[in-house]
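All remarks here apply to the structure that follows.
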Amino acid sequence: MAMLQFALHYGAHWLAPFLIARLLWAENWLRAGLVMLAANLIDLDHLLADPIFDPNRCSIGFHPLHDWIAALVYVAMLLVPRWWVRAFGLGALWHLAVDWGDCMMQGWI
């Protein structure tokens with residue numbers, strides 16, 4: 001089960017943004033996918049935690065870029081009339097959804 005969870009988690013973080021971008025930005029899907037992938041940079045907030053990585057910790061609600069206020073900022077980014085800002089906001093929301101799913105699979109939520 002742990003290996004399946006690992007594959008789902010990292011596949012969703014690293015591959016799914018390109019699939020989503022392909023659906024939403026057919027002409028610019030590669031660039032949009034890269035911008036969505038760049039939204040994984042919100043994980044830099046893990047550097048503020050001690051320990052930096054804890055497999056028994058749920059990111060949602062713990063790290064500052066993984067909380068509900070940050071999620072509202074990411075939703076607001078969807079309203080900005082620049083494709084790359086919307087792609088980043090969507091990528092960040094997708095990242096939160098993947099982490100939330102991971103927390104659910106481990107029984108934290």
Side-chain angles (χ1 to χ4, degrees):
M1 181 66 173
M3 196 60 158
L4 175 63
Q5 183 178 354
F6 179 86
L8 286 173
H9 183 83
Y10 287 102
H13 275 314
W14 296 100
L15 300 175
F18 291 103
L19 298 173
I20 295 167
R22 184 74 174 128
L23 291 172
L24 299 177
W25 291 279
E27 296 170 10
N28 252 353
W29 73 270
L30 183 58
R31 286 176 48 189
L34 289 171
V35 171
M36 287 184 69
L37 194 63
N40 284 317
L41 289 171
I42 69 171
D43 266 348
L44 288 174
D45 64 359
H46 289 247
L47 296 174
L48 301 172
D50 185 27
I52 291 172
F53 176 74
D54 181 354
N56 296 315
R57 177 174 58 216
C58 178
S59 297
I60 303 299
F62 184 84
H63 300 292
L65 297 177
H66 288 71
D67 69 8
W68 299 109
I69 295 170
L72 291 175
V73 172
Y74 307 146
V75 168
M77 292 174 83
L78 300 176
L79 304 174
V80 175
R82 298 271 188 237
W83 72 265
W84 56 272
V85 175
R86 289 193 308 270
F88 190 91
L90 183 60
L93 288 169
W94 176 254
H95 182 98
L96 292 180
V98 170
D99 282 1
W100 184 77
D102 197 44
C103 292
M104 284 192 61
M105 282 193 285
Q106 294 195 18
W108 295 319
I109 295 177

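Other cluster members for L19: none, since no ILVMFWY side-chain heavy atom sits under 4.5 Å from it.
For CD1 of I69, the number of neighbouring non-hydrogen atoms (other residues, nucleotides, ligands) closer than 6.0 Å is 12 at most.
To the nearest 0.5 Å, atoms CE (M36) and CZ (R31) are separated by 15.5 Å. Going from atom CG of D50 over to atom CD1 of I52 covers 8.0 Å, rounded to the nearest 0.5 Å.
Nearest heavy atoms, L48 versus P64: CD1-CG, 3.9 Å. Residues L96 and L65 approach most closely at CD2-O, 3.9 Å, considering heavy atoms. The shortest heavy-atom contact between A87 and A32 is CB-O, 4.1 Å. Closest heavy-atom contact between G89 and L78: C-CD2, 4.2 Å. Annotation for I42 and A92: closest pair CD1-O, 4.2 Å, computed over non-hydrogen atoms. Closest non-hydrogen pair, C103 versus S59, comes out as SG-N, 4.0 Å.
Residues meeting the side-chain hydrogen bond (donor to acceptor under 3.5 Å, both in side chains) test with D54, sequence neighbours left out: none. Looking at residues two or more places apart in sequence or on another chain, you find a side chain to side chain contact (heavy atoms under 4.5 Å, CB included) between V85 and M77, V80, R82.
Side-chain contact between P51 and R57 is present, with heavy atoms from C-beta onward closer than 4.5 Å.
Under a hydrophobic clustering in which Ile, Leu, Val, Met, Phe, Trp and Tyr are joined whenever their side-chain heavy atoms come within less than 4.5 Å, directly or via other members, L41 and V75 fall into different clusters. The hydrophobic clustering, which links ILVMFWY residues whose side-chain heavy atoms are closer than 4.5 Å, places W100 and F62 apart.
Screening residues 17-54 for ring pair (Phe, Tyr, Trp, His ring centres under 6.0 Å), with sequence neighbours left out, gives H46-H63, H46-H66. Pairs engaging residues 68-88 under the ring pair (Phe, Tyr, Trp, His ring centres under 6.0 Å) rule: none recorded [sequence neighbours left out].
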Counting only pairs under 3.5 Å, give me each side-chain donor-acceptor contact of residues 8-16, with atom names and distances, residues two or more places apart or in other chains.
| residue | atom | partner | partner atom | Å |
| --- | --- | --- | --- | --- |
| H9 | NE2 | H13 | NE2 | 3.2 |
| H13 | ND1 | N40 | OD1 | 3.3 |
| H13 | ND1 | H95 | ND1 | 3.2 |
| H13 | NE2 | D99 | OD1 | 2.9 |

